[in-house]
Structures are given as C-alpha cells and as structure tokens.
**Q** 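First the structure, then my questions, so here it is.
Chain letters run A, B, ... following the sequence lines, proteins first and then strands; every chain starts at 1.
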Number of protein chains: 2
Amino acid sequence: MSNPRSAKTKKRTRIQQENEVKILNGALEVFSQHGFRGSTVDQIAEISGMSKPNLLYYFNSKEAMIRALLDQLLDKWLDPLRKIDPHGEPLFEIQSYVRRKLEMSRDFPRESRLFANEILQGAPRVQDELRDLKELVDEKAEVINSWIKNGKLAKCDPYHLIFSIWATTQHYADFDVQVKTVLGPGHSGPGRFEDAARFLDQLYVDGLKP
Amino acid sequence: MSNPRSAKTKKRTRIQQENEVKILNGALEVFSQHGFRGSTVDQIAEISGMSKPNLLYYFNSKEAMIRALLDQLLDKWLDPLRKIDPHGEPLFEIQSYVRRKLEMSRDFPRESRLFANEILQGAPRVQDELRDLKELVDEKAEVINSWIKNGKLAKCDPYHLIFSIWATTQHYADFDVQVKTVLGPGHSGPGRFEDAARFLDQLYVDGLKP
DNA sequence: TGTAATATTTACCAGACGGTAAAAAATTGC
DNA sequence: GCAATTTTTTACCGTCTGGTAAATATTACA
C-alpha cells in the first residue's frame, strides 16, 4: 500500500502518528500564513523537518493536507456555539459565548486564519460543513428568540447578533497585524484580549448610551 | 520605452487609460477571489479580454497590478473614518460611521476582500499605510475620548470600539458565503444589509439588555 | 498621407512546483 | 537474528506560470 492514510487502516504505527502530527502542525503554520495556493509543499516539508517525498508518503497531496486540517478544525470551531445553554441566564450566556470565541482567537489564531482564508475564497472545501453550521445556528437562533419572547433580552435579529460575535472576536486573530499596528507597542501585548473582552461585555449588554 | 506606466508620463493615451481600467478591474475581480498567489496573470488577461503579454505591457508585473490596486484602495478605505465629525452628536456619528462602512461592504465587496487577504497574510505590502491608519485612528480615538469625558458616550475603549465596527461591517463582505449560507435563501437577499444596519444601530446604542 | 510612436501578437524560456518511481535504510514481529 | 513491512532518500518528470524578445499591426499627428 502506497499510503498509510489512504485506506481505513485500523493500526497506525507510532511513527505514523508522530509524523502526521508534525506534518499537520507544519501545514497549519504555512497554510494559515500564506493561504493554500501561496504555500508550497517544500515549505511544509522544511518546517516539519522532513523531506518532501517523505511528507507525501503520509499525505497523498497538498490538497489532502488542507482537507485533514479543515476536517479536524470545523468541529472544534463550532464547540463554543454548541455550549450556549438554553436554560442559562441570556445575557450571561451571550457574554460567555463572546469570551469563549475570544479565547479561541487568542489560543488558536492559526486555525482562525486558516478558516478565514477558506471562507474568503468562497469556501470551496467546506460547503457541506457550512450547511451543518446553518442548522446549528438555526437552532441557537430559536433559543435566542425564545429569550426575547420571555423578555430576557432586547428584541433583535439573532442571526445578525451571532454574526457580530463571530466578526468581533475573530477579528483579533485574522486582522492581528492591523490590530497590533493600530494599538502600538504599548497596548498590543497579551492584555489586549482582556481589554477586548471588557469592551465587548459592555457593548453587548449596555451599548454606548451614556 | 517599454512601459507606459514606468515613467512619469504626463501624457496618457486614450487607449492606455481604457486598458488600465479594464486591467485593474479584472485584477481586482481575480485577486479578491483567489488571493495574490492563487491568481494567475492569464486569468486576469482573460477576464480583461486581452492577451497576457499585452497586459504586461501596461503593468510590468503581477506585483505591479496588486500594488496599483492597493494604492488606490487604501485612500477610499479610510474615507468613512475621516468623515467622523468631532462636533457632531456622538451616538449619531457612530451610527453614521457604521452605516458608511456597511455601505462599503455592500457596494465594494471585492475591495474589502482584497484588503482582508492582504491583512490576513501579514500585510506585506501595506505596512506603511497601516502606520498612516494608526495616526488617523489615534486622532479619532481622541475625539471619542472627549465625547466620553463630556458624558455624551458611555465609558469605553475607543480603539476596541473602532475595531468592532470594522469587524462587524466588513464581515458581510469578507464572509459573504458564510453569511448567505447561514441566512438561507429567504433572508440573504440585498435586504440583509438593512437588517444588519438595524441590528448594529441597536447594538451600539442600547446593547441587548431588555 | 506619411511617419513616428504606440499597441498587440507570436513564439518562447527559465524556474518553481506538485508529484512519482524505485532503491536504500530502518523498524517490527516472530 | 532474520524475514516482512514500513519508512526515508535519491533522482527525476511534466506542467504551470511569470515574464521576455522581437516582429507586426495600429494609431496619432504633422
């Protein structure tokens, strides 16, 4: 068999597991920085510390690498949304969701950028997963609507609420360079995530009215 | 002279002007969809309706094309921020700014994606312009701080406020596919921008507290 | 209308890149 | 320790792509 991943091999060697991790980590590093077309297999090979043919022994193609990455990513990416508790205190649930998404941007910026790249180019590889996403969002939108109906939340469009949370939180990972440049050396340290959290907490609860 | 743009030619032929426009329009279309490395000069040539060598007669290189695009873009991109009036009514000024940015996403999604691509990959071509951006943001942050001091606006971090406006508004252009998929055929028409405007108006003024 | 300048086409190249074949080396399981 | 399997290396190939040279066609202008 030419490739250990091609069949549903139940047994995976120790070396296989290690190398697959090394490769996917390298691929994530490179893809998230240069995009798919902007990345070369040689780059990934070098950053992973192995030769190109060796790398292609584990993943049949460059395409196979990004697919593996996107597959394992999307599940993780939806987790914060799944955790919204329909029986929790609405405003607290939303703040918690914002926090979780902000932590994702802080702790997994490469994953965020990989995803952003994919969506920016029209999501050619994750259209099916996007439909799963829609179902989950529909479900949570219903929850939010019920909160509104119960007078626990101001009347608003739950979809655009969710979009705004995605946008504001992912911004810190995807537009990191811009954020750092604008904040300058003084305020662009790790503390910027707490500043962001504080601002968003206030925005989503009270808005800007004095 | 091999290239009409290379020198500071005062006189630009009718044909030059027309073709430069055609090329830049094609380049924007292609770059914004596939990113710089993901685009080929042949693609741009085809979409512009001319041959590759002919195209390279007007722009010396692929690099020259994206630079021309980014140059003419950045000025336009900052315009909405410049228009914030320090002597206006604070909440109204912010709402207006959100509107203007939202209109940019609606009317110039390709430009938004081009910019997003550039920043995502670490802004290799617009670092200088990013510093100009910082100065403008610093200036407007001061304005916002003065509004807060005068009790016209809730206390908040003006930088993160601006970030959140950028994020929420550009999201509709940059993540268009995702937005459309999640909203479904029913709500993803042009009217989604008005829905977004309504939501953001409310969010920025009153928040979500019932 | 003639001619200098501009614009377009044809044919091409060198390098980068994704991927492969096959042999050599290392590892595993008995 | 040895055979079977897995892993790694060496050498290579076809294609795509950015870009060029030079010849041809077109335009502008006196």
**Q** Would you tell me if any nitrogen or oxygen in the side chain of B:Y57 comes within less than 4.0 Å of OP1 or OP2 on C:dT8?
**A**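 Looking at the OP1 and OP2 atoms of C:dT8, neither is under 4.0 Å from any side-chain N or O of B:Y57.
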
**Q** Can you sort out the partners of A:F175 under ring-ring contact (aromatic ring centres under 6.0 Å, His included), two or more places apart, ordered by chain and number?
**A**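 Scan of A:F175 (ring-ring contact (aromatic ring centres under 6.0 Å, His included), adjacent residues dropped) gives A:H171.
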
**Q** Starting from C1' on D:dG19, measure out to CE on B:M65 and report it in whole angstrom.
**A**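 About 10 Å, once rounded to whole Å.
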
**Q** Calculate the interatomic distance between B:H34 atom NE2 and D:dG18 atom P; express it in whole Å.
**A**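 So the two atoms are 13 Å apart, to the nearest Å.
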
**Q** Just how far, in rounded Å, is P of D:dG18 from CD of B:E46?
**A**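 Nearest whole value for this atom pair: 14 Å.
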
**Q** For residues 29-39 of chain B, which residue pairs qualify under side chain to side chain donor-acceptor pair (under 3.5 Å), counting only residues two or more places apart or in two chains?
**A**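 Side chain to side chain donor-acceptor pair (under 3.5 Å) check on residues 29-39 of chain B returns B:E29-B:R110.
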
**Q** Sequence neighbours excluded, which residues qualify as ring-ring contact (aromatic ring centres under 6.0 Å, His included) partners of B:Y159?
**A**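 Per chain and number, B:Y159 pairs via ring-ring contact (aromatic ring centres under 6.0 Å, His included) with no residue.
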
**Q** Verify the contact: side-chain N or O of A:S51 to OP1 or OP2 of D:dT9, cut-off strictly under 4.0 Å; return yes or no.
**A**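 Looking at the OP1 and OP2 atoms of D:dT9, one of them is under 4.0 Å from a side-chain N or O of A:S51.
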
**Q** Going by ring-ring contact (aromatic ring centres under 6.0 Å, His included), name the residues that satisfy it together with A:Y204, two or more places apart in sequence or in a different chain.
**A**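 Once residues adjacent in sequence are excluded, A:Y204 has no partner under the ring-ring contact (aromatic ring centres under 6.0 Å, His included) criterion.
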
**Q** Anything under 3.5 Å between a protein N or O and an N or O of nucleotides 3-5 of chain D, put it in a table, one pair a line.
**A**
none

**Q** Using OP1 and OP2 only, check whether a side-chain N or O of B:Y58 sits under 4.0 Å from C:dT8.
**A**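 Checking B:Y58 against C:dT8: at least one side-chain N or O falls below 4.0 Å of OP1 or OP2.
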
**Q** Hey, are B:K76 and B:D79 close enough for a salt bridge, meaning a charged N less than 4.0 Å from a carboxylate O?
**A**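 No.
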
**Q** Does B:K134 have any side chain to side chain contact (heavy atoms under 4.5 Å, CB included) partners at least two apart in sequence or in another chain, and if so, which?
**A**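 Testing B:K134 for side chain to side chain contact (heavy atoms under 4.5 Å, CB included), a comparison that skips the adjacent residues, returns B:D138.
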
**Q** Side-chain contact, heavy-atom cut-off 4.5 Å: B:Y58 with B:N54?
**A**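 Contact flag for B:Y58/B:N54 side chains = yes.
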
**Q** Rounded off to whole Å, could you give me the CG-to-P distance for the B:L55 and D:dG18 pair?
**A**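 My rounded result for the distance is 11 Å.
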
**Q** Please report the distance, rounded to the nearest Å, between CE in B:M50 and P in C:dA7.
**A**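 For the pair B:M50 CE and C:dA7 P, the rounded distance is 10 Å.
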
**Q** From CD of B:E18 over to P of D:dT26, roughly how many Å is that when rounded to an integer?
**A**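 Distance, rounded to whole Å: 17 Å.
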
**Q** For C:dT10, does either OP1 or OP2 sit under 4.0 Å from a side-chain N or O belonging to B:N54?
**A**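 No, B:N54 has no side-chain N/O under 4.0 Å of OP1/OP2 on C:dT10.
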
**Q** Between D:dT8 atom P and A:K22 atom NZ, what is the distance in whole Å?
**A**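 After rounding, the gap between these two atoms is 7 Å.
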
**Q** Restricting to side-chain hydrogen bond (donor to acceptor under 3.5 Å, both in side chains), what partner residues turn up for B:E135, sequence neighbours left out?
**A**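 B:E135 satisfies side-chain hydrogen bond (donor to acceptor under 3.5 Å, both in side chains) with no residue once adjacent residues are dropped.
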
**Q** Please list, one pair per line, the donor and acceptor atoms closer than 3.5 Å that link side chains of residues 179-194 of chain B to other protein atoms, with sequence neighbours excluded.
**A**
unit_1	atom_1	unit_2	atom_2	d
B:K180	NZ	B:D176	OD2	3.1
B:T181	OG1	B:V177	O	2.8
B:S188	OG	B:G184	O	2.9
B:R192	NH1	B:S188	O	2.7
B:R192	NH1	B:G189	O	3.1
B:R192	NH2	B:D176	OD1	2.7

**Q** Expressed in angstrom and rounded to an integer, what is the separation of B:I44 atom CD1 from D:dG19 atom C1'?
**A**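 In whole Å, D:dG19 C1' and B:I44 CD1 are 14 Å from each other.
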
**Q** Could you run through nucleotides 11-30 of chain C and give me one letter per nucleotide, 5' to 3': B if any protein heavy atom sits under 4.0 Å from the base, S if only the sugar-phosphate is that close, - if neither?
**A** B-----SBBB-------S--

**Q** Counting only side-chain nitrogens and oxygens, does A:Q16 get under 4.0 Å of the OP1 or OP2 atom of D:dT6?
**A**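 A:Q16 to D:dT6 OP1/OP2: no side-chain N or O under 4.0 Å.
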
